[in-house]
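To find a chain, count down the sequence lines: A is the first, B the second, and so on, and within it residues start at 1. Keep in mind that what you see is a predicted model, and the values were worked out from it rather than measured.
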There are 2 protein chains.
Amino acid sequence: MSENRPAAERPAAEADEVSLLLDDQMCFALYAAQRALTNRYRPLLDEFDLTYPQYLVMLVLWEHGALPIKSLGKLLQLDYGTLTPLLKRLQAHGLIRRERQASDERSVQISLTEQGAELRKRARVIPATIGQAAGLTATEAGNVKALLERLTANVTASQ
Amino acid sequence: MSENRPAAERPAAEADEVSLLLDDQMCFALYAAQRALTNRYRPLLDEFDLTYPQYLVMLVLWEHGALPIKSLGKLLQLDYGTLTPLLKRLQAHGLIRRERQASDERSVQISLTEQGAELRKRARVIPATIGQAAGLTATEAGNVKALLERLTANVTASQ
DNA sequence: GGCCATTATATTGCGCGCACTTAAAATTGC
DNA sequence: GCAATTTTAAGTGCGCGCAATATAATGGCC
């Protein structure tokens with residue numbers, strides 16, 4: 001297959017065509033990195049009985065306090081199909097409360113329990129541990145973050 | 001909360017502690033970008049009745065030809081729990097064959113059907129379309145790819 | 001040649017993530 | 001003030017991903 005040769009050797013007709021090779025694809029690097037990183041979080045989060053998406057919800061609640069599900073979804077870019085059962089599990093673990101708003105009976109307010117708020121102190125170690133494991137300089141991590149955010153904005157807009 | 005102020009204003013005790021703020025986390029940018037990109041692939045792959053992980057399997061088969069499941073797993077960094085049912089679905093769609101190796105009855109060889117091989121021609125458009133939507137320069141995409149691969153290697157090694 | 005560790009795959013269970021549908025409350029239009 | 005529309009959430013179904021377990025074939029090893 002011509003794709004197994006370096007670009008310089010390929011026929012001109014294929015020169016401007018993007019490769020179908022796995023190793024040429026930034027998308028696969030992204031896909032693999034996301035799973036590898038989530039796997040790295042797992043042993044850390046196991047100590048709190050949290051999954052990575054659940055940890056993200058806790059981050060938002062620690063930062064913003066009580067929020068309706070809708071707002072959680074906007075911040076995390078997740079829909080109700082994901083959040084509704086996830087939040088019920090967090091509630092079952094005693095970390096959050098779910099309460100209908102009196103002002104708008106459609107809305108469900110999510111707030112931290114004492115126990116959920118407590119967890120924050122112990123969780124402070126996690127970002128540093130992950131930062132260590134990632135092995136990127138602050139500049140590199142910042143660059144990746146900025147480029148990924150542009151990527152997300154671009155592909156979301158072109159839908 | 002002190003985390004809502006810029007780093008310069010924070011007390012010294014917190015200065016070298018990594019933030020728990022969602023927006024400060026490269027990990028969330030990675031998590032969000034991966035999902036956004038997969039969502040961008042979806043309408044393209046729907047035309048081939050493929051999911052993104054199934055598309056990755058097809059990429060590998062187009063590139064390498066027939067392979068045992070084990071090798072597919074190594075290349076894609078996926079385990080049997082993911083691959084076994086995924087490959088059965090690809091087989092049900094008539095894109096691949098699954099055959100026990102005579103030389104080693106434990107091994108299952110995965111090969112492309114005529115129809116699976118045919119698909120490659122039509123799939124050639126996909127990388128270019130995604131590249132357009134991503135809106136990064138080739139240099140930027142290359143940098144992200146390289147940094148993500150380092151990240152993956154680092155977090156995998158530190159397990 | 002039979003025992004034992006290893007290897008390749010399958011199965012089960014669970015938690016996302018997303019599409020699609022349903023339902024109830026709130027808002028808007030007239 | 002009531003019908004039509006919009007908003008917020010829940011329910012269902014399906015395909016990953018991964019942990020844990022099971023099973024069968026292989027390869028030493030004595």
Side-chain angles (χ1 to χ4, degrees), chain A residues 28 30-43 45-46 48-58 67-74 76-93 98-110 152 156 159, chain B residues 28 31-43 45-46 48-58 67-74 76-93 98-110 152 155-156 159:
Chain A
F28 175 67
L30 180 53
Y31 170 78
Q34 197 280 319
R35 285 184 302 117
L37 198 54
T38 300
N39 289 338
R40 189 61 183 76
Y41 269 97
R42 201 179 318 279
L45 294 176
D46 277 351
F48 306 93
D49 265 307
L50 290 175
T51 65
Y52 183 65
Q54 290 168 8
Y55 169 67
L56 291 178
V57 167
M58 296 303 288
L67 283 175
I69 300 183
K70 168 90 176 173
S71 306
L72 273 173
K74 277 219 174 91
L76 295 173
Q77 300 165 40
L78 290 171
D79 71 357
Y80 293 107
T82 301
L83 286 175
T84 297
L86 184 157
L87 293 170
K88 286 185 177 173
R89 281 185 284 270
L90 285 181
Q91 183 184 30
H93 280 30
R98 302 167 66 252
E99 291 154 331
R100 290 275 165 189
Q101 288 288 80
S103 57
D104 184 341
E105 287 280 342
R106 293 169 305 179
S107 176
V108 175
Q109 186 85 353
I110 305 297
T152 300
T156 305
Q159 283 282 43
Chain B
F28 176 67
Y31 170 78
Q34 197 280 320
R35 286 184 300 118
L37 198 53
T38 301
N39 288 339
R40 189 61 183 76
Y41 269 98
R42 203 180 316 279
L45 294 177
D46 277 350
F48 305 93
D49 266 307
L50 289 175
T51 64
Y52 182 66
Q54 289 169 8
Y55 169 68
L56 291 178
V57 167
M58 296 303 288
L67 284 175
I69 300 183
K70 167 92 176 174
S71 306
L72 273 174
K74 277 220 175 89
L76 296 174
Q77 299 164 42
L78 289 171
D79 72 357
Y80 294 106
T82 302
L83 285 175
T84 297
L86 185 157
L87 292 170
K88 286 186 177 172
R89 282 185 284 269
L90 286 181
Q91 183 184 30
H93 280 30
R98 302 166 67 253
E99 292 153 332
R100 290 275 164 191
Q101 289 287 82
S103 57
D104 185 341
E105 288 280 343
R106 294 168 305 178
S107 176
V108 175
Q109 185 85 352
I110 304 297
T152 301
V155 301
T156 304
Q159 283 282 42

Residue set satisfying side chain to side chain donor-acceptor pair (under 3.5 Å) with R106(B), at least two apart, ordered chain then number -> D104(B)

Looking only at N and O atoms, is any donor in the side chain of R106(B) or the base of dT9(C) less than 3.5 Å from an acceptor on the other one?
no

How long is the line joining CD of Q101(B) and C1' of dT9(C), in whole Å?
13 Å

Provide, to the nearest angstrom, the distance between the CD atom belonging to E105(A) and the C1' atom belonging to dA26(C).
11 Å

Whole-Å distance separating the CG atom of L72(A) from the P atom of dT8(D):
13 Å

Would you tell me if any nitrogen or oxygen in the side chain of S107(B) comes within less than 4.0 Å of OP1 or OP2 on dT9(C)?
yes

Between D79(A) and T82(A) (side chain of the first, backbone of the second, donor and acceptor by atom type, cut-off under 3.5 Å), is there such a pair?
yes

Would you kindly give the NZ-to-P distance between K74(B) and dT9(C), to the nearest whole Å?
10 Å

Is T38(B) close enough to dG17(C) that one of its side-chain N or O atoms is under 4.0 Å from OP1 or OP2 there?
no

From NZ of K70(B) over to P of dT26(D), roughly how many Å is that when rounded to an integer?
16 Å

According to side chain to side chain contact (heavy atoms under 4.5 Å, CB included), who are the partners of K88(B), at least two apart in sequence or on a separate chain?
T84(B), R98(B)

Test side chain to side chain contact (heavy atoms under 4.5 Å, CB included) applied to T51(B) - qualifying residues, sequence neighbours left out
P53(B), Q54(B)

Atom CG of L87(A) and atom C1' of dG17(C) are separated, to the nearest Å, by 14 Å

Reading 5' to 3' through nucleotides 10-22 of chain D, protein heavy-atom contacts under 4.0 Å coded B for base, S for sugar-phosphate only, - for none
BS---SSBBS---

Using side chain to side chain contact (heavy atoms under 4.5 Å, CB included) as the criterion, list what pairs up with P68(A), not counting sequence neighbours.
S71(A), S107(A), Q109(A)

Taking only residues two or more places apart in sequence or in another chain, which ones pass ring-ring contact (aromatic ring centres under 6.0 Å, His included) with Y31(B)?
Y52(A)

